[in-house]
Q: 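Below you will find the structure I want to go over with you.
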Amino acid sequence: MRELAATLVRDALAAAIDAGDVVLADVPEVRVEHPRDPSHGDWATNVAMVSAKAAAMNPRQLAEAVATRMSGHPDVAAVEVAGPGFINIRLSANALQRVLTEVRLAGSGYGRIDEGGGRRVQVEFVSANPVGPMHVGHGRWAALGDSMARVLAHAGWLVEREFYINDQGVQMDTFAKSVAARYLELCGREVEFPEEGYRGAYITEIAREILQDEGEKWADAEPSGRESHFLERAYAQVLAHLEHVLHGMGVDFDVWFSERSLHVASSADGVTAVERTLARLKEAGHTYEHEGALWFRSTALGDDKDRVLKKADGSYTYFAADIAYHADKYDRGFDRVINIWGADHHGYVKRMEAAVAALGHEGKLTIVIGQLVNLFRAGEVVRMSKRTGEMVTFEDLLDEVGPDAARYFFLRRSTDQALDFDIVLAKEQSSDNPVYYVQYAHARICAILRKAAGADTADTSVDIAATATALVAGDAPLHLLASEPELALMRKLAAFPDVVEVAARQLAPNKLTRYAEELAASFHQFYTQCRVVDPDDTDLTAARLYAVDATRIALATVLGLVGVSAPERM
RNA sequence: GCCCUCGUAGCUCAGUGGAUAGAGCGCCUGCCUCCGGAGCAGGAAGUCACAGGUUCGAAUCCUGUCGAGGGCACCA
């Protein structure tokens, strides 16, 4: 539709130039936009204002010259010049009706665009330490990353979802020591719990399972052997748990990448990925030695200060591993890499960008900073610390409010906006929750289709897709759809490809929830004013069923991109 | 001190340099003999934090001030 409107303007302007009414060396780029106020029409362009100077014309006169040549076109219902020189275009009912056919032909592929052009993009998100349950912020980033991946796929990208497992470092040791301490307690031993240890109840649970499976044989074992055994067991268990919880919200990763693997010598050359990457940076002249440590000269690439890669004691920093990890990503052939990080990591952005630039991949990294979630319960702040053990986990939240409501709430805010999530409120308001408003529109359409098929409106045995195929006539008289609520519904359906484009370009899934609510509202308004199933008017019924089913498809598609179910009955 | 994000209706928040700044919730008034009332229609409600600047035009871009949150390791 955008292209249609732009073409109409472009052709009219070219005709005006040919006729000598407008003197311009070449036809300028024509941009059309949705006017903010719908009473101004479907599309508007400022091309007359932009070109007025070059044409040495008053912008309104120029606009008139273009507008005159557009009126009368079968796709144009009205065109007018407004304000300082806007050209407002109202599309004809005929042009809008074509959208319905477009939707039904495309099915769940409606709104697909080719912005990505088949390029490969990796979205890395969540990437929690495998030492305990995820907090609510992880849930938000999971919803965000997964929905971004869905939108990018719809926009023509080949997408992979990746989870980076931080399974190396002191927090893993702390984790093992914590489990070991609980195990010894369960065995009745006197033991001092590690000062920095994790105190969550899940630690005791894991210890109890080990005790049940393997008995007390580890109580008198040598501590380092005990801890390394416990580490592997507990790690595997937590990882499986993370995967399970994420799957429960519909988030599945293609790759789980272990940080440890970066420190394992390759069988080919006996060198670790970290060492190989550091050698590469060294060769390119990005490093220097100072006070026994190896530094990355990141200030040369926009960072505030230089960063240590290899410490004076010979060990590598987390940053060094992260550079090796990113080198690996690009080695795997991604044209673009998107990382979703929590706001508490934003200080890390510049050095990572510097590192990616040093690797020769400047401009191929996008870091999205997801603001944190402040969790409340009845107005009272809930602390989120793994250490205290007193926290509402992401899993708890899913259990309480359900995956649909959780995902929808997480995505409704823009990414760079901190989110206050009150659990009690979310549950109390469930009937006013916008997710139900959208889902209800979908369920309502399904009820209409059941009704049209002669079934009970609540008959769950009816196959909606098959019913739609059987009932909706390809040659329905769509020209009958010309009332205001019908036109408004078709306009809203026509806007979907633009929404996908913006959501993909801005990496902003909140555009999708907004659109879903607008589309649902257009449908509810249509429903209130336009009776669909009318035995006395089979032509109108056929046309409206066609429109209703197109709406069903579009609603299911946008909800699919959000990652929320489209129920046939509620 | 430096860096990042934010400041828009009573509340929670949208807003792509464009026209009279929008939505939901809450509040007030109406609408089912009728395909699902988890719905629809209408009303009240604004110094876009503040001050400059850029330009035909700024909630939007730039600078500064004030306020809120987060971050500034040879930690991970």
Side-chain angles (χ1 to χ4, degrees), chain A residues 31 33-37 39-40 44 46 49-50 52-53 59 82-86 88 129 131 166-174 259 290-295 304-305 307-322 342-350 369-372 374 412-420 422 425 429-441 443-452 457-458 485 498 501-502 505-506 508 510-511 513-514 517-518 520-521 523-534 541 544-545 548 569-570:
Chain A
R31 282 182 49 212
E33 295 177 343
H34 289 292
R36 196 186 293 171
D37 183 344
S39 72
H40 292 140
N46 63 356
M49 282 131 79
V50 173
K53 206 169 183 181
F86 289 105
N88 292 335
N129 294 334
V131 296
N166 296 129
D167 53 5
Q168 173 100 13
V170 295
Q171 86 276 13
M172 293 298 281
D173 298 335
T174 306
E259 180 187 355
H290 177 66
E291 291 182 354
L294 181 69
W295 293 71
D304 302 328
K305 47 180 119 172
R307 308 290 172 176
V308 172
L309 298 170
K310 188 175 186 179
K311 297 182 241 176
D313 68 4
S315 62
Y316 297 102
T317 59
Y318 178 85
F319 183 45
D322 229 350
D344 53 341
H345 279 71
H346 88 258
Y348 210 77
V349 171
K350 276 185 186 170
I369 294 299
Q371 290 292 320
L372 302 166
N374 301 310
R412 212 160 166 254
R413 298 276 168 278
S414 64
T415 310
D416 44 17
Q417 190 85 24
L419 174 64
D420 288 345
D422 192 310
L425 213 63
Q429 287 186 337
S430 63
S431 65
D432 297 325
N433 192 322
V435 69
Y436 293 109
Y437 179 79
V438 177
Q439 289 180 320
Y440 179 61
R444 219 177 197 185
I445 290 172
C446 293
I448 295 172
L449 291 171
R450 287 187 207 102
K451 171 85 175 180
T457 53
D498 289 330
E501 207 241 316
V502 170
R505 213 182 52 230
Q506 299 182 6
N510 65 314
K511 308 281 181 193
T513 54
R514 176 156 295 272
E517 286 164 46
E518 289 169 1
F523 171 73
H524 286 309
Q525 286 155 22
F526 157 84
Y527 173 90
T528 306
Q529 297 174 67
C530 302
R531 171 108 198 155
V532 177
V533 181
D534 181 358
T541 297
R544 284 182 172 166
L545 276 176
V548 157
R569 186 164 163 269
M570 293 170 72

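First the proteins, then the strands, lettered A, B, ... as listed; each starts at 1. Remember, it's a predicted structure, so these values are computed and weren't measured experimentally.
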Q: When the P atoms of U16(B) and U60(B) are considered, how many whole Å apart are they?
A: 12 Å
Q: Side-chain contact test, heavy atoms from C-beta onward, threshold under 4.5 Å: evaluate it for Lys451(A) versus Val532(A) and give yes or no.
A: no
Q: Any side-chain N or O of Lys311(A) less than 4.0 Å from the OP1 or OP2 oxygen of C75(B)?
A: yes
Q: Does Cys530(A) reach a base, just sugar-phosphate, or nothing at all? Heavy atoms under 4.0 Å.
A: base
Q: Where the side chain of Val533(A) is defined as all heavy atoms beyond and including C-beta, which of A76(B), C35(B), G71(B) is the nearest nucleotide?
A: C35(B)
Q: Is Leu449(A) close to Leu545(A) at the side-chain level, that is, under 4.5 Å between some pair of heavy atoms?
A: yes
Q: For a 4.5 angstrom cut-off between non-hydrogen side-chain atoms, does Val533(A) reach Ile448(A)?
A: yes
Q: Determine yes or no for a side-chain-to-main-chain donor-acceptor pair under 3.5 angstrom, with Asp534(A) supplying the side chain and Thr541(A) the backbone.
A: no
Q: Has His346(A) got its ring stacked on G71(B), by the test of a centre gap below 5.5 Å and a plane angle below 30°?
A: no
Q: Would C32(B) be called syn or anti, given that syn covers angles within 90° of 0?
A: syn
Q: For Ala321(A), is there any backbone N or O sitting under 3.5 Å from a side-chain donor or acceptor partner on Gln168(A)?
A: no
Q: Here's a test of your reading of the structure: between Arg514(A) and Glu291(A), which maps to the more 5' nucleotide of RNA chain B?
A: Arg514(A)
Q: Does C75(B) have OP1 or OP2 under 4.0 Å away from a side-chain N or O of Gln171(A)?
A: no
Q: Given the C1' atoms of U63(B) and A58(B), what is the spacing between them in whole Å?
A: 15 Å
Q: Identify whether any heavy atom of Arg531(A) sits under 4.0 Å from a base atom; if not, whether one sits that close to sugar-phosphate; answer base, sugar-phosphate or nothing.
A: base
Q: Starting at the 5' end of RNA chain B and moving along, which residue's nearest nucleotide shows up first, Asp313(A) or His34(A)?
A: His34(A)
Q: Contact class for Met172(A) vs. all strands (heavy atom < 4.0 Å): base, sugar-phosphate, or nothing?
A: nothing
Q: Output the rounded distance in Å from CD (Glu33(A)) to P (U60(B)).
A: 17 Å
Q: Could you work out which one of A76(B), C35(B), C74(B) sits closest to the side chain of Val170(A)?
A: A76(B)
Q: Side chain of Met570(A) only, heavy atoms from C-beta on: which candidate in U12(B), A76(B), A38(B) is closest?
A: A38(B)
Q: Specify the separation, in whole Å, of atom CG of Asp416(A) and atom P of C13(B).
A: 12 Å
Q: I'd like the P distance from A59(B) over to A19(B), given in whole Å.
A: 9 Å
Q: Please give, in whole Å, the distance from A68(B) C1' to Asn374(A) CG?
A: 11 Å
Q: Any side-chain N or O of Thr317(A) under 4.0 Å from OP1/OP2 of C74(B)?
A: no
Q: How many whole angstroms separate atom CG of Leu419(A) from atom C1' of A68(B)?
A: 16 Å
Q: So which nucleotide does C25(B) pair with, by the Watson-Crick or G-U wobble rule with both distances under 3.5 Å?
A: G10(B)
Q: Whole-Å distance between A38(B) C1' and Tyr437(A) OH?
A: 11 Å
Q: Mind checking if Lys310(A) touches a base, just sugar-phosphate, or nothing, with heavy atoms under 4.0 Å?
A: nothing
Q: Has Arg444(A) got its NZ or CZ under 6.0 Å from the middle of the six-membered ring of Phe523(A), at an angle within 45 degrees of the ring axis?
A: no
Q: Please work out if Arg569(A) contacts a base, only the sugar-phosphate, or nothing of the nucleic acid, heavy-atom cut-off 4.0 Å.
A: base
Q: For C61(B), give its Watson-Crick or G-U wobble partner with both distances under 3.5 Å, or none.
A: G53(B)
Q: Return the value, rounded to whole Å, for the distance between atom CD of Glu518(A) and atom C1' of G15(B).
A: 11 Å
Q: Pick the P atom in U29(B) and in G71(B), then give their distance to the nearest Å.
A: 48 Å
Q: Distance check, C1' atoms only: G37(B) and A45(B), in whole angstrom units.
A: 26 Å
Q: Does Asn510(A) reach the side chain of Arg413(A), with side-chain heavy atoms less than 4.5 Å apart?
A: no
Q: Is Ala447(A) touching bases, backbone alone, or none of the nucleic acid, heavy atoms closer than 4.0 Å?
A: base
Q: Partner lookup for C40(B), please. Criteria are Watson-Crick or G-U wobble with both distances under 3.5 angstrom; report none if nothing qualifies.
A: G30(B)
Q: Please give the distance between the P atoms of U12(B) and U8(B) as a whole number of Å.
A: 8 Å
Q: Is there aromatic stacking of Phe86(A) against A19(B), centre distance under 5.5 Å, plane angle under 30°?
A: yes
Q: For A9(B) and G42(B), measure between their P atoms and round to the nearest Å.
A: 23 Å
Q: Could you tell me whether Asn46(A) contacts a base, only the sugar-phosphate backbone, or nothing, with contacts defined as non-hydrogen atoms closer than 4.0 Å?
A: base
Q: Atom NZ of Lys451(A) and atom P of G36(B): how far apart are they, to the nearest Å?
A: 6 Å
Q: Is a donor-acceptor contact shorter than 3.5 angstrom present between the side chain of Asn88(A) and the base of A19(B)?
A: yes
Q: Which nucleotide sits closest to the side chain of Asn510(A): A14(B), C75(B), C35(B)?
A: A14(B)
Q: Mind checking Ala441(A) for me? I need base, sugar-phosphate or nothing, with any heavy atom below 4.0 Å counting as a touch.
A: nothing
Q: Using atom CD of Gln417(A) as one end and atom P of C11(B) as the other, report the distance to the nearest whole Å.
A: 15 Å
Q: Does OP1 or OP2 of C35(B) have a side-chain N or O of Arg544(A) closer than 4.0 Å?
A: no
Q: Name the nucleic acid region contacted by Ala443(A), choosing base, sugar-phosphate or nothing; use a 4.0 angstrom heavy-atom cut-off, strictly under.
A: base
Q: If the cut-off is 4.0 Å, is Tyr527(A) near the phosphate of G37(B), judged by side-chain N/O to OP1 or OP2?
A: yes
Q: Would you say Lys511(A) places a side-chain N or O within less than 4.0 Å of OP1 or OP2 belonging to G15(B)?
A: yes
Q: According to the Watson-Crick and G-U wobble definitions, with both distances under 3.5 Å, which nucleotide is paired to G17(B)?
A: none
Q: Does any part of the side chain of Leu419(A), heavy atoms only, come nearer than 4.5 Å to the side chain of Gln371(A), both counted from C-beta?
A: no
Q: Does OP1 or OP2 of C13(B) have a side-chain N or O of Ser414(A) closer than 4.0 Å?
A: no
Q: Could you tell me how far G15(B) sits from G30(B) if I compare only their C1' atoms? Round to whole Å.
A: 31 Å
